[in-house]
Amino acid sequence: MHLAFDLIGELEQALAKAAAAAGLEPGSFEPGVRTSDPRHGDFQANGVLAAAKRAGKPPRPMAEAVVAHLQGDLREGFEVSVAGPGFINFSARPAMLLAWLKAFRSRDDLAAGASAAHKGETWVVDYSSPNAAKQMHVGHLRSAVIGEAVSRLLAFTGARVVRDNHLGDWGTQYGKLIWAYKRMIDEGALERDPIAEFERLYKAGNTAAEADPAVMDEARAELVKLQGGDPENLALWERINRASLSAFQGIYDRLGIRFDETLGESFYNDKVGRVYAELSEAGISSQSDGAQVVFHPEHPRFKTQPMIVRKSDGAANYATTDLATILYRTEHFRADCILYVVDKRQGDHFEQLFLTARKWYAKTGRSVPRLVHVDFGTVLGENGKPLKTRTGDNIRLRDLLDEATERAYLLVTQKSPDFPEEERRRISEIVGVGSVQYADLTQNRASDYLFSWEKMISLEGNTAAYLLYALARIRSIFRRQGLECGDPAAEAGAGVPETPAEVAIARKLVKFADTLRLSTETLCPHFLCLYLYELAGEFSTFYNADKVIVEDPAVRARRLMLCARTLLILETGLGLLGLRTLERM
RNA sequence: GUCCCCGUAGCUCAGCUGGAUAGAGCAUCUGAUUUCUAAUCAGAUGGUCGCGUGUUCGAGUCACGCCGGGGACGCCA
């Protein structure tokens, strides 16, 4: 029997063939296979209902006809039945489950199976993208964490992924910052914490400029000098950006983020001219109040709300650089798709940007890549308002990760006081940071979410610690046997799953492929989180119900195999989310 | 004012783009440890899916209208 990684894809093909054989009109039938409530089986096909509706025929006989034409080898793998108004239910037979578990036994096996989805495609993922000279704070968490998970999912499913940190390293704030830098820099403070010092300088410059128009003029002059390529200001600007980036790197290292490119806004300074010219030539833009703008007459809002692509003073803004960036990403990276992992409040901007880009590309005969705003909600405090410190400041990301790690440390120390200090520190970093990442990812990204230390680190329910704990327990089983995890000898001769808990966990494992598909297609990592949590839950049930290390070699082998595969998928899945895992905790 | 998003158990949230009797966790209650990590497991209680009308074999999901909450709206990003 041929064995597919994605069983749903296999079932859909088989159903399409059977439908044709049963005389259903070709092309009119979408199998509509999805995982189902375990009470009904493993997978269900709903497509017959829709097809029957369109054909004006009763669905049940139609479903029976399709089932009758299913090929024999599929029936070797699945028990098939028709239920209710015309659902087709599939239950994987134990032999089928065993075959899948034997076929996909390593990360490479899984990757090989999954990589068909986006093979040959190039995806640019634009995420994190903080402003230089400013601290990263909670507001920067989601883009970084979600962007990283999405990038990993895409890479795992076969895409060439270009991770691009579109730094905010250009703009009017540099005038005030440079003005203040030249007058009140504290070199010692700069040494200790460069970004804090830049922030202090910016605030000082801003205050001075607001108080005194003369200062404002001087700050503007600094900006003009910078933009004109003045060597001194350019050197300062470079120093600011270099220091910012190295501070950001500290956060990225903890979150497991590594960019392929860091092409900030400044990179596009010399590339905006083409944008002005082409938009104007193509007749897409117009002049309004001295600015170059784009209206979209067909749109209820953007017919009157313009996108400003060139300010009345002739300068570019972020709409301009975003357009220039699209051009660069299509010409230089040959992007098939560009993702923007950005706060949902910028939805209007991206809608305008995409509309404009599509018209622009259509007029100039280019083929436009898929453009997607991967939006996400706000992190809220217990009061339901955006999360802040008690004094109303933004919470620095570094402080947030530190506190998570500290809370995890207290817990590890309480639960495992006999572990060496150094190991407890290592564990708490992985648990603490992982808890922050996981709490963010497990929520549907589109909605705001309530930040709660208690929920995050309480380690009960759908949390990183619960998953890491399940994983550590599996590793412990192998360790106590003196076995390497996944040692082929340990599972030699493993037979089909037998007990209810064994069967349940095997059925869950084979659905990993579908979860990957769902999570990647929707760019929603929370589907993967939910799956991993349910898998860990099945494992915990199994762990309590069935002892793994038993005398009977056949029973032991098959249970070790289930442990090894659960470990593999938990580890692969958590890795795709950007989390690190532990030997013990 | 215009447009967008949200409203599901006491609380925090899922609900795979229209499928079967709406699911988890927390909280509350009951039980499980001579057994591979109890940071665990088994069970119970808990619902007018904001309200209404409609579309159809079928609606938490789609359409329209209300009510309530959040957000975005010309030279910031």
Side-chain angles (χ1 to χ4, degrees), chain A residues 32 34-37 39-40 44 46 49-50 52-53 58-59 83-87 89 129 131 168 171-173 265 288-293 299-302 304-313 315 317-319 321-322 342-349 351 375 377-378 380 384-385 411-412 414-416 431 442-444 446-450 452 454-455 457-463 465-466 468-470 472-481 514-515 517-519 521-522 524 526-527 529-531 533-534 537 539-550 559 563 584-585:
Chain A
R34 44 176 286 180
T35 58
S36 57
D37 187 314
R39 283 174 299 201
H40 301 124
Q44 62 179 49
N46 304 332
L49 290 161
K53 187 179 185 172
F87 301 110
N89 287 334
S129 309
N131 284 325
T172 48
Q173 75 270 23
E265 289 170 343
S288 170
D289 294 340
Q292 185 177 351
V293 302
H299 193 278
R301 261 168 78 61
F302 304 145
T304 53
Q305 181 187 321
M307 178 167 81
I308 294 170
V309 296
R310 187 175 202 177
K311 301 195 287 185
S312 51
D313 64 2
N317 65 0
Y318 76 125
T321 51
D322 278 357
V342 179
D343 192 315
K344 70 179 175 189
R345 283 174 302 190
Q346 291 190 40
D348 268 11
H349 166 65
E351 208 184 329
D375 61 350
T378 311
L380 305 174
K385 299 245 168 73
L411 213 73
V412 178
Q414 178 196 330
K415 298 286 183 187
S416 307
V431 173
T442 196
Q443 197 97 26
N444 185 336
S447 42
D448 296 344
Y449 81 91
L450 231 51
S452 155
E454 284 65 37
K455 268 188 69 178
I457 314 262
S458 79
L459 315 185
E460 285 171 329
N462 188 3
T463 62
Y466 180 83
L468 292 172
Y469 179 65
R473 291 212 287 190
I474 299 173
R475 287 223 170 98
S476 167
I477 292 169
F478 284 96
R479 192 166 51 237
R480 288 176 67 105
Q481 290 301 298
D514 182 55
T515 301
R517 178 202 56 76
L518 176 64
S519 210
E521 245 172 38
T522 57
C524 285
H526 79 276
F527 288 119
C529 292
L530 183 65
Y531 168 84
Y533 173 59
E534 286 171 354
F539 176 78
S540 295
T541 301
F542 160 76
Y543 184 90
N544 271 54
D546 299 331
K547 190 161 164 54
V548 176
I549 303 307
V550 291
R559 290 184 181 166
C563 286
R584 59 175 193 165
M585 64 187 277

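All values below were derived from every heavy atom in this structure, side-chain atoms included, with hydrogens, water molecules and symmetry-related copies excluded. Just so it is clear, the structure is predicted and the values come from calculations on it, not from any experiment. First the proteins, then the strands, lettered A, B, ... as listed; each starts at 1.
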Touch class at under 4.0 angstrom, heavy-atom based, for A:Y469 against every strand present: base
Integer angstrom distance from the P of B:rG54 to that of B:rG58: 13 Å
Closest-nucleotide ordering on RNA chain B, the 5'-leading residue of A:G461 and A:Y449: A:Y449
Sugar-phosphate, base or nothing in reach of A:T378, heavy atoms under 4.0 Å: nothing
Strand RNA chain B in bracket notation, Watson-Crick/G-U under 3.5 Å with | for pairs to another chain: (((((((..((((.....[...)))).(((((.......))))).....(((((..]....))))))))))))....
Touch class at under 4.0 angstrom, heavy-atom based, for A:S476 against every strand present: base
C1' gap between B:rG47 and B:rU21, integer Å: 13 Å
Sugar-phosphate, base or nothing in reach of A:L530, heavy atoms under 4.0 Å: sugar-phosphate
Between B:rA77 and B:rG19 - P atom distance, rounded Å: 43 Å
Touch class at under 4.0 angstrom, heavy-atom based, for A:M307 against every strand present: nothing
Cationic tip of A:R473 above A:Y543 ring, under 6.0 Å, 45° of axis: yes
Heavy-atom closest pair, residues A:F542 and A:C563: CE2-SG, 4.0 Å
Side-chain-base donor-acceptor pair under 3.5 Å for A:K385 and B:rG70: no
Pairwise 5' ranking along RNA chain B for A:A83 and A:I477, keeping only the more 5' one: A:A83
Per-nucleotide protein contact string for nucleotides 71-77 of chain B (B base, S sugar-phosphate only, - none; heavy atom under 4.0 Å): SBSBBSB
Nearest-angstrom distance, P atom, B:rG23 to B:rC66: 34 Å
Sugar-phosphate only, base, or nothing, as touched by A:L411 at under 4.0 Å among non-hydrogen atoms: base
Sugar-phosphate, base or nothing in reach of A:D546, heavy atoms under 4.0 Å: base
Sugar-phosphate only, base, or nothing, as touched by A:Y533 at under 4.0 Å among non-hydrogen atoms: sugar-phosphate
Intermediate values then yes/no, side chain to side chain contact (heavy atoms under 4.5 Å, CB included), A:Q443 and A:H526: CA-CA 6 Å; A:Q443 197 97 26; A:H526 79 276; 5.9 Å; no
Separation between the P atoms of B:rG50 and B:rG10, rounded to whole Å: 13 Å
Same-atom distance (C1') from B:rC11 to B:rA27, integer angstrom: 8 Å
Sugar-phosphate, base or nothing in reach of A:N89, heavy atoms under 4.0 Å: base
Anything under 3.5 Å between a protein N or O and an N or O of nucleotides 27-35 of chain B, put it in a table, one pair a line.
from, atom 1, to, atom 2, distance (Å)
B:rU35, O2', A:K547, NZ, 3.1

Verify stack between A:F87 ring and B:rA20 base, 5.5 Å, 30 degrees: yes
Distance between C1' atoms of B:rU45 and B:rA39 (Å, rounded): 26 Å
